[in-house]
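The structure under discussion appears below in the form of structure tokens.
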Number of protein chains: 2
Amino acid sequence: MTSEPPVPAKRSRRSSGAVTLHDVARLAGVAPITASRALNTPAQVSPEVLKKVQEAVARTGYVPNRLAGGLASTRSRLVALVVPTVSGPVFLDTIQALTETLDAAGYQLMVGQAGYEGRREDALLEAIIGRRPDGIVLTGILHSDASRRRLLASGIPVVETWDLTPTPLDMLVGFSHQAVGEAVARYLHGRGRRRLATLSGDDPRAQQRAAAFARAAQALGLPPVRAHVVPAPTTLQAGRGALAALMPGLAGQGAGAADAVDAVFCSSDLLALGLLTEARVQGLDVPADLAVVGFGNLEMAAQAAPAISSVNINGAGIGEQAARFLIARAEGQAVAERVVDIGFELIERQSS
Amino acid sequence: MTSEPPVPAKRSRRSSGAVTLHDVARLAGVAPITASRALNTPAQVSPEVLKKVQEAVARTGYVPNRLAGGLASTRSRLVALVVPTVSGPVFLDTIQALTETLDAAGYQLMVGQAGYEGRREDALLEAIIGRRPDGIVLTGILHSDASRRRLLASGIPVVETWDLTPTPLDMLVGFSHQAVGEAVARYLHGRGRRRLATLSGDDPRAQQRAAAFARAAQALGLPPVRAHVVPAPTTLQAGRGALAALMPGLAGQGAGAADAVDAVFCSSDLLALGLLTEARVQGLDVPADLAVVGFGNLEMAAQAAPAISSVNINGAGIGEQAARFLIARAEGQAVAERVVDIGFELIERQSS
DNA sequence: CTGAAAGCGCTAACAC
DNA sequence: GTGTTAGCGCTTTCAG
């Protein structure tokens, strides 16, 4: 064992106490930088040295300090994700795919919630930029223009997702909400529905789909689309509650009145399932009296009875692509295409 | 002094290019350390200096580099969260509360997925420890014993959640799964149910609830509990599919056979809703023919028709308490109580 | 209340 | 292939 120094170290700064690369290097009998290379670029090091360093690592339980590494290399291997709120089920697949893809490449995910209001947005951005992440993934919108400029100024690669804005900040993986609205309107029209309605959360993307849906219906010669808006995030309860608003005649005359709504496009599967549940309770027949189409294609849409038609978005694909973009950028590779339209798919089920 | 080369420093390392504290200090006409104090401990600085520094910050758009700060202070202001998988809805409230509480105190959340299998567990742990977080929150179990020892050895404060293990690693916020199982069994017995069954995911905590449920039923003099197990994470589909297994007589003779199951305790609301849906499709009357109790008290339980009885866990409370524990520890405060039993509540609804 | 010096743990530059 | 040196940007320690 090592002999204890009789006098305590004089004015040494209190180190974290953890094993450092220095310790490993000393144990292996090499210079710190060599130990560093053995760990990071093993190809640049002789097999013997490599082995000795690995042994030293194993013996000491050394775990590299990525804070120090990040500071020295200006590469934090951290990616920040901004979501409106983590508890909406919508972005879950995206988050999961993001985490997995990043993690396979040695990156870690940091999560920040911007809220649907966007009051704390500036503070969040500062917290994120301060960590010097190698990339930022935005889901949903950045509210203020100042925020957008600030992000841009930070020089950190950014991927916007879940939308196809005309003026991307940097990179983008999304789909056209307008195209979704149009496709659903055409679909319902094709199925013989004539009195269309929308039930949407009040976030900008849902509103975009609803507006495109209404325009497309009009273009098809249908009567004006009844639009009901509920606050985001959407809930089952809001869906249940909305039936009365959408079909005011219900209580008195039953369905089937000439001008009764016969199809509703919901901005989320939650709303759709809520609507469906309430319709059943009220004795309405779905799809005979009322067709319902959701958005997001959560498991609950497929497993409801009747199964709910829904717009499927490849959320995992979005997450994975976003991660690839960021990793490529961090590795210094040039990204040829900076915008990916991941599309969507209308899944037809019993509810329509 | 070493002799200065006559030419200016050529071999300067490529700095990140961002504004640094030095820049701010120079602009404000003070030493870097004074600028640092103006930002971190404004009370220690004269009002004039404070003002000048703040102006310099505003003018330059300075954002402190927390990597550097963390390295120097050995406080990263980062908290790591480990979840089995991010896409289960169960931990969402916990994650949200955690994020919010941390963030209000200037901490950021890092997310890692351990998976239900726990193959990558070691790599994940290394990635986490390497960032030197000020705390780690564990939801669900750490699979290997080596992992637990390694975590402990890292010296990082740990909060385990969603369980009440007899031997906590460090701090703990949870509830007793055994007590849940017992309470539900007693409740169903009190409601006159006699042929009980469980439908559970195969994760350890769900199994614990199911086992306690079965033991309690036996203690109450009821016949053996039929137990059906499905792989975690649980799904609506698994719930729908399980009905046939739980009530094999269904197709032939209808419900009401003397030994037919008359109550099922599900390990998640997803399973409960799936079961309920399939029961309705099969013409079974819930609760008359079959009582259903879920777990988690997701919105879908309350909003289903009939509404599903469920065990409510204060997930947000868990997240908030965990954050408080970690923040207190990081600020050097002694935590008196290291274990909090957050309890649970059986919410009685129409389904039972 | 303010500052100079030292160094957190690591890696980019340059030698040899 | 390996080592030396000089920082990354900040905060601690010690002095005024």
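Given the structure is predicted, the values throughout are model-derived calculations rather than measurements. Below, all heavy atoms of this structure are taken into account, side chains as well, without hydrogens, waters or symmetry copies. Chain A is the first sequence line, chain B the second, and so forth, proteins listed ahead of strands; every chain is numbered from 1.
Listed candidates were D/dT11, C/dG9, D/dT4. Nearest to the side chain of A/A72 is C/dG9.
Inter-axis angle, ends of the helix from C/dC1-D/dG16 to C/dC16-D/dG1, five pairs per end, rounded to 10 degrees: 20°.
Contact check for B/L81 versus A/V111: no side-chain heavy atoms found under the 4.5 Å cut-off. Side-chain contact between B/L98 and B/V79 is absent, with no heavy-atom pair separated by less than 4.5 Å. In this structure, A/T139 and A/P84 have side chains that are in contact, with non-hydrogen atoms separated by less than 4.5 Å. Counting heavy atoms from C-beta on, the side chains of A/D103 and A/E100 never come closer than 4.5 Å.
Under a 3.5 Å cut-off, the side chain of A/T94 and the backbone N or O of A/G315 do form a donor-acceptor pair. Checked by atom type and distance alone, the side chain of B/T161 never pairs as donor or acceptor with a backbone atom of B/G174 at under 3.5 Å. A/S36 places no side-chain N or O within donor-acceptor distance of the main-chain N or O of A/P32, the cut-off being under 3.5 Å.
Taking every heavy atom of both residues into account, B/V19 and B/Y62 meet most closely at O-CD1, 3.5 Å. Counting all heavy atoms, side chain and backbone alike, B/A114 lies closest to B/V82 at CB-CG1, 3.8 Å.
Within a heavy-atom distance below 4.0 Å of DNA chain D, the residues of residues 37-49 of chain B found are B/N40. If you check residues 19-27 of chain B against DNA chain C, you find no residue with a heavy atom closer than 4.0 Å. Taking every heavy atom of residues 57-69 of chain A and every atom of DNA chain D, no pair lies under 4.0 Å.
Residue A/L71 contributes atom CG, which lies 14 Å from atom P of D/dG7 at whole-angstrom precision. At whole-Å resolution of the value, CD1 in B/I33 and C1' in D/dA15 are 13 Å apart. Rounded to a whole Å, the CZ atom of A/R77 is 21 Å from the P atom of C/dG9. As a whole-Å value, the separation of B/I129 CD1 from C/dG9 C1' is 17 Å.
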Throw together a table of side-chain donor-acceptor distances under 3.5 angstrom for residues 324-331 of chain A, partners on residues two or more places apart or in other chains.
from: A/R324; atom 1: NH2; to: A/E320; atom 2: OE2; distance (Å): 3.0
from: A/R329; atom 1: NH2; to: A/D170; atom 2: OD1; distance (Å): 2.8
from: A/E331; atom 1: OE2; to: A/Y107; atom 2: OH; distance (Å): 3.1

Only pairs under 3.5 Å count here: list side-chain donor-acceptor contacts from residues 44-54 of chain A, not counting sequence neighbours, and write none if there are none.
from: A/S46; atom 1: OG; to: A/V49; atom 2: N; distance (Å): 3.3

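A salt bridge links B/R148 to B/E160: at least one charged side-chain nitrogen sits closer than 4.0 Å to a carboxylate oxygen. A salt bridge does not link B/E121 with B/R150: none of the charged nitrogens is closer than 4.0 Å to a carboxylate oxygen.
Phosphate proximity of C/dG3 to B/T34: present, with a side-chain N or O under 4.0 Å from OP1 or OP2.
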